[in-house]
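The block underneath contains the structure these notes are about, expressed in structure tokens.
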Amino acid sequence: MSLPPGSKTARPEDEAAQAALAAYELYWQISEQAGHAPRQKDWRPELAKAMADPALTDYVNEVANLASVPAHTVGRYGRAPKVTSVSLGQPPRVVVTDCLDATDEHLVSDKAGESGRNLDNPDQPRRYEFEAQIVRYPNPDRWLVQQVQPRLEKPC
């Protein structure tokens with residue numbers, strides 16, 4: 001992010017928002033990799049680079065469930081993340097609200113005899129609001145997605 005001419009530094013709120021959005025992007029990058037190949041490896045160490053509990057354990061369990069079905073995801077979510085609040089209290093916390101578009105993201109079977117079969121839930125909305133709380137952890141200093149809340153009842 002470039003600063004406007006004449007300004008010396010970014011506001012702490014803007015720096016927090018930018019760092020949280022970067023952590024949120026890493027969260028999506030790693031979680032999509034895990035969803036695409038849930039049986040490839042133990043994803044917890046990789047996911048822990050972008051997530052903290054309870055989001056971390058929830059997603060590790062989701063990946064384990066995909067592996068047990070067996071199934072994996074293909075494609076990607078369309079996203080439009082926006083920072084909706086910044087708190088510089090202790091710990092610093094940023095809320096990101098996103099509009100997920102699952103039109104190009106699908107769950108497919110890996111079972112023998114039905115490999116590649118679409119397992120999408122026809123009753124689940126394909127576009128909905130998604131909220132993430134990203135918290136700054138002090139040691140080591142990093143921002144991690146701590147909580148996520150899909151809001152399937154809120155189309156966007």
Side-chain angles (χ1 to χ4, degrees), residues 1-67 71-107 120-121 123-156:
M1 180 174 102
S2 62
L3 296 173
S7 67
K8 301 221 186 307
T9 58
R11 295 180 10 205
E13 293 85 354
D14 295 337
E15 290 176 354
Q18 189 174 11
L21 279 171
Y24 184 72
E25 289 303 317
L26 182 63
Y27 159 84
W28 275 102
Q29 179 185 349
I30 296 170
S31 62
E32 284 182 341
Q33 290 171 2
H36 290 169
R39 290 176 309 286
Q40 184 179 60
K41 62 182 176 180
D42 173 9
W43 283 98
R44 181 178 276 276
E46 192 75 14
L47 292 165
K49 294 176 182 177
M51 297 179 210
D53 281 328
L56 175 60
T57 295
D58 290 347
Y59 198 76
V60 166
N61 291 340
E62 191 173 319
V63 171
N65 184 48
L66 283 178
H72 70 280
T73 59
V74 295
R76 299 187 70 166
Y77 280 98
R79 298 183 299 102
K82 292 183 178 87
V83 171
T84 49
S85 79
V86 176
S87 167
L88 297 178
Q90 291 302 320
R93 180 179 305 270
V94 173
V95 176
V96 172
T97 302
D98 207 341
C99 176
L100 296 188
D101 181 348
T103 305
D104 295 325
E105 194 271 348
H106 303 283
L107 181 63
D120 289 347
N121 179 344
D123 297 326
Q124 181 170 324
R126 301 306 285 169
R127 290 178 60 92
Y128 56 91
E129 190 175 285
F130 183 86
E131 183 181 279
Q133 291 190 30
I134 301 109
V135 175
R136 184 175 178 185
Y137 284 79
N139 201 4
D141 186 15
R142 61 197 171 143
W143 289 85
L144 298 172
V145 174
Q146 185 185 60
Q147 295 181 40
V148 295
Q149 181 66 47
R151 296 206 169 100
L152 301 178
E153 75 287 355
K154 289 183 94 173
C156 54

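No experiment lies behind these values; they were computed from the predicted model shown. Scope of the values below: all heavy atoms of this structure, side chains included, with no hydrogens, waters or symmetry mates.
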Inset, instruction - Taking all heavy atoms of Glu32 and all of Tyr77, pick out the closest pair and write down the distance. - result: OE2-N, 3.5 Å
Legend entry - Gap separating the CG atom of Leu66 from the OG1 atom of Thr73, nearest 0.5 angstrom: 6.5 Å
Legend entry - Any side-chain heavy-atom pair of Pro45 and Asp42 under 4.5 Å: yes
Legend entry - Contact check, side chains of Arg44 and Thr57, non-hydrogen atoms, under 4.5 Å: yes
Legend entry - For Leu47 against Val60, the heavy-atom pair lying closest together: CD1-CG2, 4.0 Å
Legend entry - Distance (rounded to the nearest 0.5 Å) between Leu100 CG and Phe130 CZ: 6.0 Å
Legend entry - Heavy-atom check, side chain of Gln124 versus side chain of Leu152, under 4.5 Å: yes
Inset, instruction - Please tell me if the side chains of Glu131 and Val95 come closer than 4.5 Å, counting only heavy atoms from C-beta onward. - result: yes
Legend entry - No-hydrogen, no-angle side-chain donor-acceptor test under 3.5 Å, Ser85 and Arg93: no
Legend entry - Euclidean distance, Leu26 CG relative to Leu21 CG, rounded to 0.5 Å: 12.5 Å
Inset, instruction - Supply the atom-to-atom distance Leu144 CG to Arg136 CZ, rounded to the nearest 0.5 angstrom. - result: 11.5 Å
Inset, instruction - To the nearest 0.5 Å, tell me how far Gln133 CD sits from Gln149 CD. - result: 9.5 Å
Inset, instruction - Give the ring-plane orientation class for Tyr24 versus Trp28, where under 30° counts as parallel, over 60° as perpendicular and anything between as tilted. - result: perpendicular
Inset, instruction - Under the side chain to side chain contact (heavy atoms under 4.5 Å, CB included) rule, what do Val148 and Tyr27 come out as? Steps first, then yes or no, please. - result: CA-CA 11 Å; Val148 295; Tyr27 159 84; 3.6 Å; yes
Legend entry - Nearest non-hydrogen partners of Val63 and Ala34, listed with the distance: CG2-CB, 3.8 Å
Legend entry - Interatomic spacing from NZ in Lys49 to CD in Gln29 - rounded to 0.5 Å: 10.0 Å
Inset, instruction - Specify the closest pair of heavy atoms between Arg127 and Cys99, including all atoms of both residues, with the distance to one decimal. - result: NH2-SG, 3.6 Å
Legend entry - Cationic N near anionic O, under 4.0 Å, Arg79 to Glu105: no
Inset, instruction - For the residue pair Thr97 and Pro81, establish whether any side-chain heavy-atom pair is separated by less than 4.5 Å. - result: no
Legend entry - Distance-minimising heavy-atom pair for Tyr59 and Ser31: OH-O, 2.8 Å
Legend entry - Pairwise side-chain contact, Val135 with Gln146, heavy-atom cut-off 4.5 Å (strictly under): yes
Inset, instruction - With the side chain counted from C-beta on, respond yes when Tyr137 and Pro91 share a heavy-atom pair under 4.5 Å apart, and no when they do not. - result: no
Legend entry - Over all atoms of both residues, closest heavy-atom pair of Pro38 and Ala71: CG-O, 3.2 Å
